[in-house]
Number of protein chains: 2
Amino acid sequence: MNSLGKSIAKPVQLDAVSKAIIEQLQTDGRRSYAEIGKAVGLSEAAVRQRVQKLTESGVMQVVAVTDPMQLGFYRQAMIGVRVSGDTTLVAEALGALDAVDYVVLTAGSFDILAEVVCENDDDLIDLLNKQIRAIEGVQSTETFVYLKLFKQLYNWGTR
Amino acid sequence: MNSLGKSIAKPVQLDAVSKAIIEQLQTDGRRSYAEIGKAVGLSEAAVRQRVQKLTESGVMQVVAVTDPMQLGFYRQAMIGVRVSGDTTLVAEALGALDAVDYVVLTAGSFDILAEVVCENDDDLIDLLNKQIRAIEGVQSTETFVYLKLFKQLYNWGTR
DNA sequence: AGTGAAACGACCGTAGA
DNA sequence: TCTACGGTCGTTTCACT
């Protein structure tokens with residue numbers, strides 16, 4: 001159990017060594033346990049045990065991350081969505097779209113924020129008009145086209 | 001070179017096998033090359049070569065991702081920021097804050113979108129009043145508190 | 001939780017199709 | 001770009017602290 005709004009787990013208190021291990025894996029998720037052990041001052045077996053615990057408890061996961069630009073998706077945007085009716089249904093419908101890589105229910109002047117990845121502006125227009133605005137309950141959208149990414153750390157909440 | 005707005009690389013055309021390899025690593029970034037090879041029908045060495053190419057070319061990277069909720073950060077939000085003056089300077093200042101995990105320059109009614117991670121509402125209030133609104137050039141902010149995360153795929157653009 | 005040792009499996013470089 | 005193969009290094013299990 002994790003993810004926003006679900007049963008609140010008590011925070012795992014990480015010591016400096018576990019933090020160092022996570023840092024190592026944030027730099028390179030395929031670094032060997034032995035190598036990490038050298039860096040953090042622990043035996044290979046101990047590192048492996050800690051990584052297993054961190055993974056099984058849901059504190060951390062090691063995954064592949066792709067660069068949309070390199071794959072030809074030159075246009076990214078955040079879409080603010082205002083919904084009439086059940087926001088959950090709209091969020092699910094948005095999440096079902098391939099071009100949508102991020103969906104979160106929010107409190108504020110938008111009910112949902114959705115990040116989208118498109119090849120070009122034409123695709124973005126089509127996505128908005130033919131797919132997103134066609135979803136039952138979508139009242140209005142506001143688009144924030146990405147110009148330049150400055151910082152990105154990897155967190156996760158769904159699983 | 002990658003990242004939004006930087007020199008546009010021609011998209012790498014991935015065949016079905018490379019896509020399958022990435023899919024394997026998206027499920028578990030520490031899966032062995034041999035195991036991936038069995039799954040996609042390739043030798044261990046061939047998988048290794050492809051993963052190396054994908055990584056070196058910047059199409060993919062394998063990294064650790066952490067769950068803010070499990071670490072005691074119960075409050076996440078997206079902050080829309082309106083700036084007077086140079087948006088770049090403000091984006092850098094925002095990126096320098098620990099609580100900020102995502103900063104992107106946008107076109108639209110916000111100049112910057114920044115995602116923040118806090119332990120609780122009091123921290124979020126302090127972050128807004130004492131840190132974000134104190135940045136030179138920040139004209140106004142609008143906060144979208146996260147209620148529930150529905151979908152999250154991992155892309156990256158900075159490096 | 002941690003170490004150390006031995007068996008096993010993964011990884012890496014190189015050769016060759 | 002792939003397979004094949006051998007040397008090296010990492011991982012796993014287990015007994016022990």
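The sequence lines fix the lettering, A, B, ..., with proteins before strands; numbering per chain opens at 1. In this text the structure is predicted, and so the values were computed from the model without any measurement.
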Tabulate below the donor-acceptor pairs under 3.5 Å that side-chain atoms of residues 26-37 of chain A make, not counting sequence neighbours, or state none.
residue: A:T27; atom: OG1; partner: A:E23; partner atom: O; Å: 3.0
residue: A:D28; atom: OD1; partner: A:R30; partner atom: N; Å: 2.9
residue: A:R30; atom: NE; partner: B:Y33; partner atom: OH; Å: 3.3
residue: A:R30; atom: NH1; partner: B:G29; partner atom: O; Å: 2.8
residue: A:R30; atom: NH1; partner: B:R31; partner atom: O; Å: 2.9
residue: A:R30; atom: NH2; partner: B:R31; partner atom: O; Å: 2.9
residue: A:R31; atom: NH1; partner: A:Q24; partner atom: OE1; Å: 2.8
residue: A:S32; atom: OG; partner: A:E35; partner atom: N; Å: 3.1
residue: A:Y33; atom: OH; partner: B:R30; partner atom: NE; Å: 3.2

Results of side chain to side chain donor-acceptor pair (under 3.5 Å) for B:D126 - residues two or more places apart only
none
With a strict under 4.0 Å distance from non-hydrogen atoms of chain B, what nucleotide opens and what nucleotide closes the contacted stretch of DNA chain D, reading 5' to 3'?
D:dT1 to D:dT11
Looking across every strand, which nucleic acid part, if any, lies under 4.0 Å from B:R48 by heavy atom: base, sugar-phosphate, or nothing?
base
Polar side chain donor-acceptor pair, B:S57 to A:Q70, under 3.5 angstrom:
no
Are B:K148 and B:Y146 in a cation-pi contact, defined as NZ or CZ under 6.0 Å from the six-membered ring centre and within 45° of the axis?
no
Full working for side-chain contact (heavy atoms from CB on, under 4.5 Å) between B:V103 and A:L149:
CA-CA 6 Å; B:V103 179; A:L149 193 49; over 6 Å; no
Integer-rounded Å distance: C:dC12 P and B:E56 CD:
12 Å
Rounded to whole angstrom units, what separation is found between the CD atom of B:E35 and the P atom of C:dA10?
8 Å
Test item: side-chain donor near acceptor, A:Y102 and B:E115, under 3.5 Å
yes
Using heavy atoms and a sub-4.0 Å distance, could you list which residues of residues 21-34 of chain B are near DNA chain D? By number, please.
B:R30
Atom pair CG/CG of A:N155 and B:D101 - distance to nearest 0.5 Å
4.5 Å
One should read off an interatomic distance between B:R82 CZ and B:D111 CG, to the nearest 0.5 angstrom, of 8.5 Å
What does B:E44 touch in the nucleic acid at a heavy-atom separation under 4.0 angstrom: a base, only the sugar-phosphate, or nothing?
base
Pairwise 5' ranking along DNA chain C for B:K38 and A:S43, keeping only the more 5' one
A:S43
Minimum heavy-atom separation for B:V65 and A:Y154, please, with both atom names.
CG2-CB, 3.5 Å
Below 4.5 Å, heavy atoms only, C-beta onward: do B:L89 and B:E92 meet side chain to side chain?
yes
Residues that B:D15 engages under side chain to side chain donor-acceptor pair (under 3.5 Å), provided they are two or more places apart:
B:S18, B:R50
Starting at the 5' end of DNA chain D, what dot-bracket string do you get if Watson-Crick and G-U pairs under 3.5 Å are bracketed, crossing pairs use [ ], other-strand pairs use | and unpaired bases use dots?
|||||||||||||||.|
